[in-house]
Amino acid sequence: MADSPSSDQGVAVGAETERIALGTKTEILPNAPLPALNAEGGPAFAACLKGAARADLVAIVCMGGMAPRSDILTTLRKLDSPGLLRVIDGGTVNWRDGKRYYAIVMERPQGPRLSESLGQQRQPLSEDTSNRLLITPLANALYDLSMSGIVHNAIRPTNLFWRDGSATPQLGECLSVPAGIGQPILFEPIERALTPPIARGPGTPADDVYALGVCFLIAILGRNPVQDIDDASLIKARLERGSFQVLTSNLRLATSHNEVLRGMLADDPRHRWSAEDLMQWLQGRRMSPQQSELGRRASRALNFAGHDYYYIKPLARALAANVPEAAHLLETAALDKWLRRSMGDDDRAENVAYAAESLKAMGRGGSYENQLVARTCIALDPQAPIYYRGLAIMPSGIAPMLAEQVRTGGDIQILVDMITSQIVGFWLEMQKEGKTDLVPMAQALDRMRAHLDKTGYGFGIERVIYELNPGLPCLGSVLQGQYVLTARDILPALERAANQNGRPREPMDRHIAAWLIVRDRRGIQLFQALSGDHPQRRALAILTLYSDLQARHGPEKLPALAQWILVLQDSVIRRFFNRKLQAELRERVKQAAEHGDLSLMLRLLDDPSIVDGDRREFTAARLMYLGTVREIAEMEHQMKNRDQVAVLYGNPACLYSAIMLAFLFLAAMIMRVIL
Amino acid sequence: MAKDPKKNAAPAKAKTAPAGGSSGGRTILGLAFLLVLTILLPTTCLIVPGMLPSMVAFIVDRERGKTAALTVTILNAAGVAPAVISLWIKGHNFSNAFLILRDPTNLLMMYGAAGLGWTIYFVVPPLIANMMAARAEGRLKLLRDNQVELKKIWGPDVATNKPIDEIEN
């Protein structure tokens, strides 16, 4: 076994030790890797509290790309259970490669991993040792987790730390990857084992009990009892014979172990022991675990696709794997007859009929056969994942799988179909127990249909993934490598992105818009301007959004981002009619951008008094121009028609001249006479 | 075709009523004028030949406003007035009237004034027209410069009547 990292008292931290700060509390030592503690989400490094002399903590830097479970970090940080590695801190760090990652700082485990690999063999544990020193503390840990509403989803021997005979066993980290990633199917209950890891979702506390049960079995045997069986065969065997039977067949187990494992490994989650049941059993209360239930066995087989089926679970899976044949079967009454007569299960037959009726009521769309088979499989085996178009997925796995597909550019159409076709609502309808816990999830998915119907900024698939995945950072291409998790992070990230080569034209895309609506709880109005074809309104909307963010979250200066946004504002400046005003505004806005003051830029460009005043003056200028046009026409007319002018103006002048001359002459005469 | 006598009567009445009124007034004025002329016969003997250019001007002037005639008449009258005043001062009789008429200076004054009137009539209107044309040229340049300035400040759309919102877009 590799040197235990727990035996290391921690690296000494000197003044010259390179450190990377995580928030204000902890620091990570990038030059002190701890490969023995590497996690699914990324490598491990020594870490310490700020100012500490020794780096006696461990940090997992999530470089794997998948979104860690940051939404449960706050709850886990408050949890202090001896059977869990204590979470100290979590957040984004600026790593040495220039990117930002999510990092989790935890206490170091007290012992080595229980196993370095699933194939590793070790000394079997005695009944007393296993019950007292292994299962009891871990059952307490599961109990603490379930009371906090957290499902670990990463319980396996390679993620369990224990120094035999001393120290408390500790469950390893469960934050660095989405729930179910890195968990072999051996440690997943059958319904979750049928799905790809990303499609499992957070699961329930009963799933943790199952995983602990398998770990317990491996520990007491000192080996993996199904090491030589491949995954596909293992699933098939579990479907046909039940997990407990498959894992413990031909094993001689102590009575207590038999009892506890039967309870922990029950395939039916309704019959599987909870953490509380486990603790009661450990305290001496004797329970009677249900026989591992495959369900009823049919008196006669149903032949489908060349195979005979006596049990529901394998049949449902087979139907899902052969949709055209399954649809053909469903058109006949064969399945209904088999359920009623051979299985004696009228309830299930009614559910299957209801599945078809409810689909017909929705109308015969393009995916009718797929929908029909999917709903029938749900009616047959409600505990199974949803089988749809070749995908097996737990309803709680839709959100993380959608996020991962969007992140990697994978196909999302099947998942979108599942949301819009309300198949999850049907799945919920078919659940007999635990419905109340599932209702919020189903309601959330139902709300997402409205978002998927709209194509504008702030809606669509982008809105859906951020609504359904609270811990998902913004996946906008402009923010790649920035790990923007909160509204406070986005402007500094855009400021860094502004300085990069090849930056896009705008510091805005559909992801940023959707993310801001969800995380920053913005209203939709501003984002409507982003969807239109008006470059002016779009530019102004971007400036308004980011200036508001700057005012609320800082930082005070964002010169690079301001310059980036400034380029877009040309159309906004050109909406002013007065060219001198345009030039003046350009200069002033440029100065504001140099200072990185987005609010000032907005005030200059969108001051209602200036905008209205400019329009008014433009209208007055137009009237003035019109006046000059009229006057020019008059002048030109005068110049072309001098005779008319002569008559019009000259004739009166003649008369006035004559009268004046006559008057002067007479006055002169009179004066002469008088004098 | 015989016309409706009633139709003819009404317009005829309409025409004659005011005509009757105005012609009556003119007649009275004319008679009064003749009476004055008769009483002031020596003055009349002086005025009639003295105002001959005016009478000719009224006959010759075909313009609607009779501007030429009025201009000549005003100046002609101004030229005749000193002679009439002289007659009244020297003695209002025929011999003084003829004496004044025989004086070439007086005739020169009367007819010279009338001639000045004709000169004014021929010179002033074209002069005025030319002056106005020159002024218009200057004003045109100013107006065109204003237009250029307006376009420089507000852009070419200041000369259009496009709706403002279309210009912004």
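Protein chains get the first letters and strands the later ones, always in sequence-line order, with residue 1 at the start of each. Computed from a predicted structure; not experimentally measured. Basis for what follows: all heavy atoms, side chains included, without hydrogens, waters or symmetry-related copies.
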> Could you tell me which portion of B/Leu150 (side chain, backbone, both or neither) has an atom closer than 4.5 angstrom to a non-hydrogen atom of chain A?
side chain
> Checking B/Leu116 against chain A: side chain, backbone, both or neither under 4.5 Å from a heavy atom?
side chain
> Is A/Asp614 close to chain B through its backbone or its side chain, or both, or neither, when contacts mean heavy atoms under 4.5 Å?
both
> Under 4.5 Å heavy-atom distance to chain A, tell me which part of B/Thr160 shows up: side chain, backbone, both or neither.
both
> If you count heavy-atom pairs under 4.5 Å with chain A, which of B/Ile74, B/Asp157, B/Val123 comes out on top?
B/Ile74
> Can you say whether A/Val647 sits under 4.5 Å from chain B via the side chain, the backbone, both, or neither, judging by heavy atoms?
neither
> Just grab all the ring-ring contact (aromatic ring centres under 6.0 Å, His included) pairs involving residues 110-144 of chain B, residues at least two apart or on different chains.
B/Trp118-B/Phe122
> Determine the minimum heavy-atom distance between B/Ile120 and A/Ser657, stating which atoms define it.
CG2-CB, 4.1 Å
> Could you tell me whether the side chain of A/Arg579 and the main chain of B/Lys152 form a donor-acceptor pair under 3.5 Å?
no
> Suppose the criterion is side chain to side chain donor-acceptor pair (under 3.5 Å): which pairs have a residue in residues 663-673 of chain A, not counting sequence neighbours?
none
> Using a heavy-atom distance cut-off of less than 4.5 Å, which residues of residues 45-64 of chain B contact chain A?
B/Glu63
> Output side-chain donor-acceptor pairs under 3.5 Å for residues 504-514 of chain A, partner residues at least two apart or in another chain, one line each.
residue, atom, partner, partner atom, Å
A/Glu506, OE1, A/Arg538, NE, 3.1
A/Glu506, OE1, A/Arg538, NH2, 2.6
A/Glu506, OE2, A/Arg538, NE, 2.6
A/Asp509, OD1, A/His511, N, 3.1
A/Asp509, OD1, A/Ile512, N, 2.8
A/Asp509, OD2, A/Ser477, N, 3.3
A/Arg510, NE, A/Glu462, OE1, 3.2
A/Arg510, NE, A/Glu462, OE2, 3.4
A/Arg510, NH1, A/Thr455, O, 2.7
A/Arg510, NH2, A/Thr455, O, 3.2
A/Arg510, NH2, A/Gly456, O, 3.3
A/Arg510, NH2, A/Phe459, O, 3.3
A/Arg510, NH2, A/Glu462, OE1, 3.4
A/His511, ND1, A/Tyr466, OH, 2.8

> Mind listing the closest non-hydrogen atom pair of B/Ala78 and A/Phe665 along with its distance?
O-CE2, 3.1 Å
> For the pair A/Glu636 and B/Arg144, evaluate salt bridge (Lys or Arg N to Asp or Glu O under 4.0 Å) and give the outcome as yes or no after the intermediate values.
CA-CA 12 Å; A/Glu636 282 173 346; B/Arg144 288 200 174 110; 2.4 Å; yes
